[in-house]
Each structure stands twice: as structure tokens, then as C-alpha cells.
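Okay, so here's the structure we're looking at.
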Amino acid sequence: MSARFTDKVVLVTGATSGMGRAAAERIAAEGAKVVLAARGEEAGDALAAELRAGGADAVFVATDVTVEAQVADLVQQVTDRHGRLDAAFNNVGAATAVGPIAGVDAKAWDADLALNLTSVFYSLKYQIPLLQASGGGAIVNNTSNLAVTGAAAMASYSAAKHGVVGLTRSAALDTAAAGIRINALVTGGVDTPLLRGNMGMPPEEAVRVAGALHPIGRIAQPEEIAAFVAFLLSDEARFITGAALAIDGGMTAA
């Protein structure tokens with residue numbers, strides 16, 4: 001495996017499971033000093049210890065990215081430990097308010113936007129100044145195929161994810177002259193504990209049903225997403241910014 005991230009500091013949120021974990025493992029394997037963030041302290045400490053056992057420089061910071069003060073503290077801890085930041089993968093999100101719009105409670109709407117959109121705003125707000133001070137870098141914001149399409153009974157989630165694309169593009173324009181690249185990842189179904197557990201059916205059936213929705217005939221493995229994230233965060237993607245890039249097995253091609 002290449003060493004594209006040797007001596008670089010990379011922050012991964014939502015790092016303890018699914019795509020976040022796979023990205024952290026991939027980037028650490030390529031030489032990065034990784035800072036892992038998520039709410040689950042036990043899982044986060046275990047992952048950091050596992051990465052360190054494999055020779056990586058890894059630390060976990062328990063963080064709820066829907067709370068601005070905690071995001072500020074997370075980035076301050078990156079500064080205190082490493083003095084710089086070179087890249088970030090903002091990977092937090094889930095659908096929490098499901099059902100027809102008329103039946104969605106206002107608090108549930110607010111919670112969906114906080115988790116899926118405002119958390120990205122907070123992350124960018126505090127990551128960008130540190131990237132600027134470090135001489136530039138790259139950010140990838142994870143979204144969903146519902147960032148560019150719609151779905152019945154998922155209005156708040158889709159609205160939030162559409163918002164992440166707009167936020168990404170605006171932030172990319174704000175920071176391009178500073179040498180910072182910011183892109184959004186439009187993912188289809190991915191074989192994660194979240195997908196397996198949230199479809200109201202046995203896990204293997206959930207994988208089969210979700211796979212049938214993709215023209216390619218299956219869902220992605222987290223490692224496939226991680227490989228694309230690593231590319232986008234690396235210098236090999238230095239001419240890509242402000243883009244919403246699909247890695248979705250053809251879901252949004254039509």
C-alpha cells in the first residue's frame with residue numbers, strides 16, 4: 001500500500017463503525033497520524049488501541065458533533081497534540097425522522113438537521129482555520145444518494161443531505177485560494193451495521209434488498225468507500241474541489 005499520508009494529520013468523525021472506521025484504517029495504513037472522533041468512547045478507545053498496535057499514531061476524542069463546543073474542543077485537541085491538520089473526513093449522519101412530512105414532529109426535524117447538516121457546518125467552521133494555518137489540505141463530507149435525489153418518507157434526511165452539498169460547494173469556493181479542497185461524497189448503500197440494523201428485516205435480507213436497488217446489483221463494502229475517501233484526501237486529487245462525487249453503484253445515474 002502507498003504512503004500518501006506520511007507525516008500528515010487526518011481527522012475522521014463517525015470513526016468507530018462502517019465507513020468512518022474503514023477510512024480511518026485505510027488512512028492510518030498509508031502513514032497518517034489519525035485523530036478519531038465519535039460518541040462511543042469504548043469503541044473509540046478500542047479502535048485507537050488497535051491502530052496503535054499496528055504501528056499507527058492514533059488517538060480517540062469522544063465527541064458529539066451536533067454540539068458546537070465539543071467540535072471546537074476536538075479541533076483544539078488536534079492542535080494541542082499535532083499543531084496542524086492536513087485532512088478531514090466528516091462522516092456523521094443517519095435518518096432519525098422517518099415518515100410522511102405531515103407526520104414529522106418539529107423536534108425530530110430539528111434533530112435530523114442537527115445530525116446531518118449542522119454537524120458538518122460546525123466541523124467545517126473549526127477545521128478550516130486550522131487547515132489554513134497548516135498551509136492547506138482537504139476535506140470530504142459524506143452525504144448520500146439522497147443528497148441529489150428524493151425519497152418518500154425521508155424528507156428531513158434528504159433536505160439535510162442536499163444542504164451538505166450546498167454547504168460543501170460554498171465552503172470550497174471560500175477556501176480554494178487558501179489551498180483547501182472540499183468535496184462531498186454521494187454514497188449509495190454500504191454494508192454497515194447501520195444499514196443492516198435499520199431496515200426492519202434480518203441483516204442478510206437487508207443487504208440483499210438494498211443491493212437490488214443498485215444497477216450494479218449489490219451494495220458497497222466500507223473498504224471501497226474508504227479507498228475513494230483516501231484518494232480525495234490525498235494530493236492525487238489536488239484538482240478536485242467543490243464537487244459532489246457519486247460512489248453509488250449507479251443509483252443516481254438515472
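No experiment lies behind these values; they were computed from the predicted model shown.
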Between [X] and [Y], which heavy-atom pair has the shortest distance, and what is it?
X	Y	result
Gly18	Thr192	CA-CG2, 3.8 Å
Ile27	Ala230	CG1-CB, 4.4 Å
Ala23	Val229	CB-CG1, 4.4 Å
Leu185	Asn142	O-OD1, 3.5 Å
Pro215	Met251	CD-N, 3.7 Å
Ser156	Trp109	CB-CE3, 3.3 Å

Check this for me, if you would: do [X] and [Y] make a salt bridge, where the nitrogen-to-carboxylate-oxygen distance has to be below 4.0 angstrom?
X	Y	result
Glu236	Arg4	yes
Glu68	Lys125	yes
Glu25	Arg21	yes

Note, [X] side chain near [Y] side chain (heavy atom, < 4.5 Å):
X	Y	answer
Ile182	Ile128	yes
Leu85	Gln127	yes
Asp174	Arg169	no
Lys8	Asp235	yes
Leu36	Val59	no
Thr143	Thr187	no
Val10	Phe89	no
Val78	Leu130	yes

Expected output: side-chain [X] to main-chain [Y] donor-acceptor under 3.5 Å:
X	Y	result
Arg181	Ile240	yes
Asn183	Ala243	yes
Thr63	Val61	yes
Asp86	Gly137	no
Ser170	Leu167	no
Glu224	Gln221	yes
Gln70	Asp64	yes
His214	Gly189	yes

If only side-chain N and O atoms count, and only distance matters, is there a donor-acceptor pair under 3.5 Å linking [Y] with [X]?
X	Y	answer
Tyr126	Gln76	no
Asn141	Asn90	yes
Asp112	Thr96	yes
Asn91	Thr13	no

Should the heavy atoms of other residues, nucleotides or ligands under 6.0 Å from [atom1] of [X] be counted, would the total exceed 12?
X	atom1	result
Arg238	CZ	no
Ile101	CD1	no
Arg39	CZ	no

Once you round to the nearest 0.5 Å, how far does [atom1] of [X] lie from [atom2] of [Y]?
X	Y	atom1	atom2	result
Lys161	Asn145	NZ	CG	10.5 Å
Ile247	Phe231	CD1	CZ	11.0 Å
Leu213	Asp248	CG	CG	11.5 Å
Tyr157	Leu117	OH	CG	12.5 Å

Quiz prompt | Audit row: Val12, Val35, side chain to side chain contact (heavy atoms under 4.5 Å, CB included) steps and yes/no | solution = CA-CA 6 Å; Val12 179; Val35 179; over 6 Å; no

Self-check item: Derivation of the side chain to side chain contact (heavy atoms under 4.5 Å, CB included) call for Asp57 and Arg81
Solution: CA-CA 11 Å; Asp57 183 331; Arg81 182 178 178 86; 3.3 Å; yes

Applying the 4.5 Å side-chain criterion to the ILVMFWY set and letting contacts propagate, would [X] and [Y] be lumped into a single cluster?
X	Y	value
Val140	Ile180	no
Phe228	Phe5	yes
Val104	Val98	no
Val34	Met19	yes
Val92	Val190	no

Self-check item: Residues clustered with Val148, ILVMFWY side-chain links under 4.5 angstrom
Solution: Val186

Quiz prompt | Criterion side-chain contact (heavy atoms from CB on, under 4.5 Å) against Ser158, the qualifying member of Leu146, Thr149, Asn116 | solution =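 With Ser158 as partner, side-chain contact (heavy atoms from CB on, under 4.5 Å) holds for just one option, Leu146.
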
Practice problem: Could you give me the CA-CA distance, side-chain angles and deciding distance for Val164 and Phe121, then say whether side chain to side chain contact (heavy atoms under 4.5 Å, CB included) is met? | Solution: CA-CA 8 Å; Val164 172; Phe121 164 69; over 6 Å; no

Quiz item: Glu204 and Arg208: salt bridge (charged side-chain N to carboxylate O under 4.0 Å, His left out), yes or no, with the steps?
Solution: CA-CA 6 Å; Glu204 293 304 322; Arg208 186 193 67 77; over 6 Å; no

